[in-house]
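What follows is a single structure, written as structure tokens, with notes after it.
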Amino acid sequence: MTELGTPSFKKTVVELLYQLADDDFILACRGSEWLGLAPHIEEDVAFSSISQDTMGHAAMFYGLLEQLGEGNMDELSHAREGSQRKNAVLCEIPNGTGHYLKEPRYDWAFTVVRQFYYSIAKKIKLESLKQSAYEPLAHAAVKINMELHYHILHWTVWFKQLILSGGEAKQRMLEAIIRVEQEFGDVCSLGPLSAEMANLKLIDKEDVLLERFHNSVKPVFHTLSIPYKGSFGYRSGRGRFGEHTQELQHALTTLTEVYRTDPAAAW
Amino acid sequence: MINLESLEDKNIRFMERIEAGEKIEADDWMPDEYRNVLIKLISMHGISEIMGALPEKEWVPKAPTLKRKLGIMAKVQDEMGHGQLLLRVTEDLIKPLGRTREDIMEDLFTGRLKFHNVFHMEAPTWGDAGLIGWLIDGAAIITQTNMLNASYGPYARALKRICAEEVFHAQHGEAIILALAEGTDDQKKMVQEAVDRWWEPLLMFFGPGDAKATGSSKQDVTAKYRIRSKSNEELRQDFFTKYVPRILSIGLTIPDSTMLYDQKQDKWVYQQPDWEKFKEIVKNKGPKSQERLRLRELSYENNEWVREALAQSEEAI
Amino acid sequence: MNSKTAGFFQEYEVFSKRTATSPMQYQFSLLAPNEEMALVLAQENFMRREPVADIWVMKRSSIKKMTPEERLSLLRIDNKDYRNTKGYGYLQKKWRQYEQEMLDEKEIFSWGGKLKK
């Protein structure tokens with residue numbers, strides 16, 4: 001077991017780990033709902049690898065929580081209520097209208113923009129976490145960061161090409177950018193213990209991370225000749241503070257359907 | 001190059017190549033019958049992988065643990081990947097006919113292109129998700145390994161990749177099934193019910209024993225061209241030999257009280273499935289046929305703008 | 001064929017290297033709208049379970065392939081031992097007369113390391 005210092009240190013680490021784990025978990029689940037429904041078979045296969053990587057990252061973060069005595073990782077990912085979840089609301093928003101098994105009308109533009117923004121924000125957090133005062137997290141960040149290169153490459157290609165192709169596609173992408181930015185404040189937020197996280201040197205300050213995000217994304221917009229607003233909101237709630245949409249509850253009901261039949265059983 | 005060979009000479013030379021064990025490649029001359037039987041076989045195989053992703057996909061979000069969620073995601077991804085490999089092989093065969101992947105999809109939606117009977121069936125529990133991996137993939141391994149030496153090189157190469165991944169699928173299925181079979185009473189019941197549900201579709205999976213059962217069979221042509229070596233019935237018997245003892249060993253029963261291994265005849269005796277029902281199912285009249293076709297068709301239409309947008313991108317970007 | 005989307009489905013051939021020192025190897029083909037997209041799709045479609053150090057994609061139409069007739073030009077008689085070490089195997093016996101080892105492939109390839117004195 002690693003040195004945890006004071007109880008407030010532990011509490012802050014745990015808070016941060018829940019944000020990281022819950023973000024990746026729910027976004028990977030949203031990604032996996034696209035299986036078999038992507039615009040192109042080859043893309044279906046590639047996208048699934050990204051969702052698997054992301055779920056794998058969630059498992060690593062839940063694993064760190066497990067080591068801190070929070071419970072086992074399946075319990076942490078499956079048994080916690082919606083109100084206990086710390087993921088950003090953007091990650092839980094459905095891929096489009098309809099259900100994954102019934103009349104799914106998924107929005108590829110929204111998915112590309114969400115994944116593109118999310119991957120970059122995640123990379124920036126990981127770069128900072130590599131220096132985290134909580135060593136097990138710093139080690140995990142080094143590993144996870146490795147897989148982010150491909151995610152960013154993949155989503156940047158889609159992001160750029162759909163915008164550059166103009167016409168309807170560009171229009172859809174611009175609309176998706178507005179939708180994602182309206183929620184993106186939540187992704188950039190570190191929640192109620194944000195100040196402690198920075199003081200304890202677990203991760204850089206929110207505004208420092210945000211500045212790095214703008215610096216990464218602005219040049220991409222520039223090459224695409226589209227305006228970068230860079231003002232982010234919390235339209236559907238502040239997930240870091242436990243505010244979530246009904247959609248998270250629906251998703252959790254599905255995600256835990258089998259688990260809940262017998263949480264004690266070996267599956 | 002001037003080619004004065006008559007069609008008959010070409011056919012003779014082609015059969016000589018086949019019988020010498022040579023591999024035929026996409027650009028080689030081939031008789032129409034050979035091309036057509038390959039198109040029919042491989043397009044059906046490919047589209048079955050794509051449609052086969054759907055019943056298991058239902059269980060991807062619902063898988064009960066993180067590890068199972070990851071495993072089944074990887075498995076369904078492979079199904080799509082196998083579809084990709086096989087469609088590429090088909091696309092090269094239909095290219096000289098001026099046809100493309102879009103025509104294959106069109107044929108699926110209009111019902112001209114059929115997919116395997118098993119993927120028309122319901123998968124109502126987590127037990128079904130495990131059973132598909134264990135026994136449906138087991139059955140698929142039996143039929144696919146039988147064609148690893150197929151005379152058509154591109155198909156043989158795709159199958160080699162596919163079979164390597166099927167080993168993972170079979171073990172993924174076994175892991176789920178063993179956990180359930182060793183689990184609580186409810187879990188045990190779940191697997192047994194899945195076996196009961198899938199037994200008849202599994203028997204059907206290998207196809208009719210001879211043309212009498214359903215009125216048509218391409219078995220003879222595929223044998224002549226050395227695409228496959230064993231008959232439908234031989235494959236079904238192989239499946240019994242490999243899987244019946246395993247099913248019984250973990251305390252499950254087979255829903256066919258007449259089933260036994262006949263030492264004298266050296267074969268399994270079993271209750272024939274209802275081949276009339278089989279014919280209906282593969283005409284897209286199975287319990288889930290329309291719903292799954294609708295999913296594919298909807299996603300295809302819904303994302304058309306993406307393909308349209310990038311269709312010109314080769315020059316533009 | 002849908003004329004509006006047909007251009008999306010371009011044929012690309014995929015090659016990859018397993019490690020930095022291995023040769024490029026042919027993998028498979030895929031459909032993609034352009035080479036940039038082909039490249040990001042290649043890795044996870046064909047090499048998701050194995051190490052990969054580099055990937056090339058190439059438009060199929062840029063490849064000149066042999067026709068079956070041209071492939072006949074690959075046939076040759078098995079009488080070219082003089083090109084291979086096989087034709088010089090007798091040297092081993094000869095060198096033994098002088099109490100020397102033969103410098104065969106295994107020996108020569110070992111010279112990159114520290115030589116035994």
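Reminder, nothing fancy here: chain letters follow the sequence lines and each chain counts from 1.
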- Task: Could you tell me which portion of B/A74 (side chain, backbone, both or neither) has an atom closer than 4.5 angstrom to a non-hydrogen atom of chain A?
- Result: both
- Item | Interface moiety of A/A59 toward chain B, non-hydrogen atoms closer than 4.5 Å | both
- Task: Applying side-chain contact (heavy atoms from CB on, under 4.5 Å), run through B/L310 and A/W158 and close with a yes or a no.
- Result: CA-CA 10 Å; B/L310 299 189; A/W158 275 106; 3.6 Å; yes
- Query: With chain B, which of A/G98, A/S48, A/G96, A/A58 has the greatest number of heavy-atom pairs at distances under 4.5 Å?
  - Reply: A/S48
- Closest approach of B/W305 and A/L162, non-hydrogen atoms and distance? CZ3-CD2, 4.1 Å
- Note on the structure: Here the pair of heavy atoms bringing B/A309 nearest to A/A169 is CB-CB, 3.5 Å
- Contact part of A/S77 toward chain B, heavy-atom cut-off under 4.5 Å: side chain, backbone, both or neither? side chain
- Please name the residue in the list A/T253, A/V258, A/T256, A/L255 that meets the side-chain contact (heavy atoms from CB on, under 4.5 Å) test with B/K62. A/V258
- Query: Considering only heavy atoms, which portion of A/S49 lies under 4.5 Å from any heavy atom of chain B: side chain, backbone, both, or neither?
  - Reply: both
- Toward chain B, the part of A/W34 with a non-hydrogen atom under 4.5 Å: both
- Any chance you could measure B/D185, atom CG, to A/D262, atom CG, to the nearest 0.5 Å? 11.0 Å
- Would you check if the side chain of B/K57 reaches a backbone N or O of A/L35 as a donor-acceptor pair within less than 3.5 Å? yes
- Query: Considering all heavy atoms of both residues, which atom of B/A63 and which atom of A/H78 are nearest to each other, and what is their separation?
  - Reply: O-NE2, 3.7 Å
- Item | Options A/E257, A/M55, A/R172, ranked by heavy-atom pairs under 4.5 Å with chain B, top entry | A/R172
- Query: So which part of B/I50 gets closer than 4.5 Å to some heavy atom of chain A, the side chain, the backbone, both or neither?
  - Reply: side chain
- At their closest point, which heavy atom of A/P104 faces which heavy atom of B/N302, and how far apart are they? O-ND2, 4.4 Å
- Considering only heavy atoms from C-beta outward, does the side chain of A/I41 approach that of B/R101 to under 4.5 Å? yes
- Message: For B/K288, I'd like to know if atom NZ has over 12 heavy atoms of other residues, nucleotides or ligands within 6.0 Å.
- Response: yes
- Message: Looking at every non-hydrogen atom in both residues, tell me the closest pair between B/L70 and A/G56 and how far apart they are.
- Response: CD2-N, 3.9 Å
- Which atoms of A/Q52 come close to chain B, meaning under 4.5 Å heavy atom to heavy atom: side chain ones, backbone ones, both, or neither? both
- Task: Give, as side chain, backbone, both or neither, the part of B/T184 having an atom under 4.5 angstrom from any heavy atom of chain A.
- Result: side chain
- Count the heavy atoms belonging to other residues, nucleotides or ligands that lie under 6.0 Å from NE2 of A/H222, then report whether that count exceeds 12. no
- Task: Tell me, for B/L87 versus chain A, whether the close heavy atoms (under 4.5 Å) come from the side chain, the backbone, both or neither.
- Result: side chain
- If you tally heavy-atom pairs under 4.5 Å between each of A/C29, A/A109, A/A46 and chain B, the highest tally belongs to A/A109
- Query: To the nearest 0.5 Å, how far apart are NE2 in A/H40 and CE in B/M80?
  - Reply: 10.5 Å
- Message: I'd like to know which of A/R260, A/M73, A/E75, A/E103 tops the heavy-atom pair count under 4.5 Å against chain B.
- Response: A/E103
- Backbone N or O of A/A266 within a donor-acceptor pair of the B/Q187 side chain at under 3.5 Å? yes
- Query: B/R307 side chain to A/P39 main-chain N or O, any donor-acceptor pair under 3.5 Å?
  - Reply: yes
- Query: B/R68 versus A/D74: any side-chain heavy-atom pair under 4.5 Å?
  - Reply: no
- Item | From A/F47 atom CZ to B/Q77 atom CD, the distance as rounded to the nearest 0.5 Å | 11.5 Å
- Item | B/E58 backbone acceptor or donor facing A/Y100 side chain under 3.5 Å | yes
- Within a reach of under 6.0 Å around NZ of B/K67, are more than 12 heavy atoms found that belong to other residues, nucleotides or ligands? no
- Item | Minimum side-chain heavy-atom gap A/T261-B/D186 below 4.5 Å | no
- Message: Treating B/N303 as the side-chain partner and A/L37 as the backbone partner, does any N or O pair qualify as donor plus acceptor under 3.5 Å?
- Response: yes
- Item | Side-chain ion pair, B/E291 and A/K102, N-O less than 4.0 Å | no
- Task: Report yes if some heavy atom in the side chain of A/W267 is under 4.5 Å from a heavy atom in the side chain of B/I176; otherwise report no.
- Result: no
- Message: Do B/Q84 and A/D44 make a side-chain contact, defined as non-hydrogen atoms from C-beta onward lying under 4.5 Å apart?
- Response: no
- Please state whether the side chain, the backbone, both or neither of B/R296 comes within less than 4.5 Å of a heavy atom of chain A. side chain
- Message: At a 4.5 Å cut-off on heavy atoms, which part of B/L66 comes close to chain A: side chain, backbone, both, or neither?
- Response: both
